Amino acid sequence: MKIDVLTLFPEMFDGVFGASILGKAKEKGIVSLQAVNFRNYSNNKHNTVDDYPYGGGGGMVLKPEPVFAAVEDLAVEPDIAPRVILMCPQGETFTQRKAEELSRERHLVLICGHYEGYDERIREHLVTDELSIGDYVLTGGEIPAMTVIDSVVRLLPGVLGNESSAVTDSYSTGLLEHPHYTRPPEFRGWTVPDVLISGHHGRIDSWRREQSLLRTLIRRPELLDKVELSKKERLWLEEQRKALRTEYETE
């Protein structure tokens with residue numbers, strides 16, 4: 001996969017692209033990561049990329065010319081159309097499902113904005129997706145872009161040491177992930193659940209599934225509406241709901 005980021009601050013990506021999982025994926029040749037300063041594509045002597053908005057108002061707006069020119073320069077392979085993603089608080093909320101979708105692409109171009117916003121023609125005639133990482137506003141699109149890239153790259157084959165890790169992550173199954181434990185089996189009087197050290201893989205899988213369902217019920221119950229559940233699981237969840245209501249009422 002090839003990932004290009006259009007940004008006015010490419011130095012922000014130096015550490016991110018060179019460290020941890022992303023750095024290893026880059027070293028292995030699984031992904032190509034590049035931060036491009038789209039100021040270099042400005043068509044005026046002062047290298048400005050923003051201007052005052054038509055109609056007045058506060059703030060500055062990113063001009064279309066340098067952004068279009070940068071994307072067109074990066075889309076050099078005729079048989080691979082890049083997925084052009086605008087990082088924007090107005091965009092679709094980024095999810096694990098979206099990460100999985102993007103991980104199947106060959107070329108991603110992420111555009112990081114600053115100032116008041118983008119010229120609308122960028123939205124209408126250049127980008128394929130608009131993404132937001134949450135209902136809040138940051139100073140620029142760089143940190144959201146890093147979030148998307150990290151989430152996508154870790155899904156690529158060969159990136160994680162354990163290929164099942166990405167499959168069982170929270171949200172990958174539609175549920176929050178089950179609790180994890182490691183050595184020692186007892187720490188300050190707190191013990192690891194017996195089932196996990198029983199060696200019985202069937203019971204371990206059942207326990208993990210139940211814990212995943214319970215954690216989702218408690219923390220993100222709305223996610224359960226989108227998950228395919230067996231009749232047995234639905235009945236078990238109803239019992240847990242009743243138990244939680246009883247516990248709440250007695251407090």
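The model shown is predicted, which means the values in this text are computed figures rather than measured ones.
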Side-chain contact test, heavy atoms from C-beta onward, threshold under 4.5 Å: evaluate it for [X] versus [Y] and give yes or no.
| X | Y | value |
| --- | --- | --- |
| Q240 | L235 | no |
| L131 | L86 | no |
| V5 | V109 | no |
| I149 | L110 | yes |
| E222 | R220 | yes |
| D50 | V61 | no |
| M1 | L156 | yes |
| T7 | N37 | no |

Do the charged groups of [X] and [Y] touch, with an N to O distance under 4.0 Å?
| X | Y | answer |
| --- | --- | --- |
| R83 | D129 | yes |
| R121 | E124 | no |
| E100 | K98 | no |
| R245 | E238 | yes |
| E233 | R209 | yes |
| R123 | E120 | yes |

Is it true that, when you exclude [X] itself, more than 12 heavy atoms of the residues, nucleotides or ligands shown sit nearer than 6.0 Å to its [atom1]?
| X | atom1 | answer |
| --- | --- | --- |
| H201 | NE2 | no |
| Y136 | OH | yes |
| D225 | CG | yes |
| I143 | CD1 | no |

Has the side chain of [X] got a donor or acceptor atom that lies under 3.5 Å from a matching backbone atom of [Y]?
| X | Y | result |
| --- | --- | --- |
| T128 | V84 | yes |
| S151 | V148 | no |
| R39 | N47 | yes |
| S42 | T48 | yes |
| Y118 | G113 | yes |
| S212 | R208 | no |
| S132 | E92 | no |

>> I'd like to know whether Y115 forms a side-chain contact (heavy atoms from CB on, under 4.5 Å) with D51, so could you lay out the CA-CA distance, the side-chain angles of the two residues, the decisive distance to 0.1 Å, and finally the verdict.
In response: CA-CA 10 Å; Y115 313 116; D51 209 334; over 6 Å; no
[X] side, atom [atom1]; [Y] side, atom [atom2] - distance, nearest 0.5 Å:
| X | Y | atom1 | atom2 | value |
| --- | --- | --- | --- | --- |
| I80 | R106 | CD1 | CZ | 3.5 Å |
| S20 | L22 | OG | CG | 7.0 Å |
| T216 | L223 | OG1 | CG | 6.0 Å |
| E65 | L62 | CD | CG | 11.0 Å |
| L229 | L175 | CG | CG | 7.0 Å |
| I21 | K26 | CD1 | NZ | 15.0 Å |

Closest non-hydrogen atom pair between [X] and [Y], with its separation:
| X | Y | result |
| --- | --- | --- |
| R215 | P179 | NH2-CG, 3.5 Å |
| I204 | S198 | CG1-OG, 4.4 Å |
| K63 | P66 | O-CD, 3.7 Å |
| E130 | V127 | CG-CG2, 4.3 Å |
| K28 | G158 | NZ-O, 3.1 Å |
| M146 | M12 | CE-O, 3.3 Å |

Cluster question for you: counting only ILVMFWY and a side-chain heavy-atom cut-off of under 4.5 Å, with indirect links fine, are [X] and [Y] together?
| X | Y | value |
| --- | --- | --- |
| F9 | I3 | yes |
| V49 | L74 | yes |
| Y41 | F68 | yes |
| F13 | L102 | yes |
| V192 | L214 | no |

Is a donor from one side chain sitting under 3.5 angstrom from an acceptor on the other, for [X] and [Y]?
| X | Y | answer |
| --- | --- | --- |
| E186 | T191 | no |
| H107 | D4 | yes |
| E210 | H178 | no |

> Should L108 and V152 be marked as a side-chain contact (heavy atoms from CB on, under 4.5 Å) after you check the CA-CA gap, both sets of side-chain angles, and the distance that decides it?
Replying inline: CA-CA 10 Å; L108 302 179; V152 169; 4.2 Å; yes
>> Set out, in order, the CA-CA distance, both residues' side-chain angles and the distance that settles side-chain contact (heavy atoms from CB on, under 4.5 Å) for H200 and V195, then state yes or no.
In response: CA-CA 7 Å; H200 193 295; V195 64; over 6 Å; no
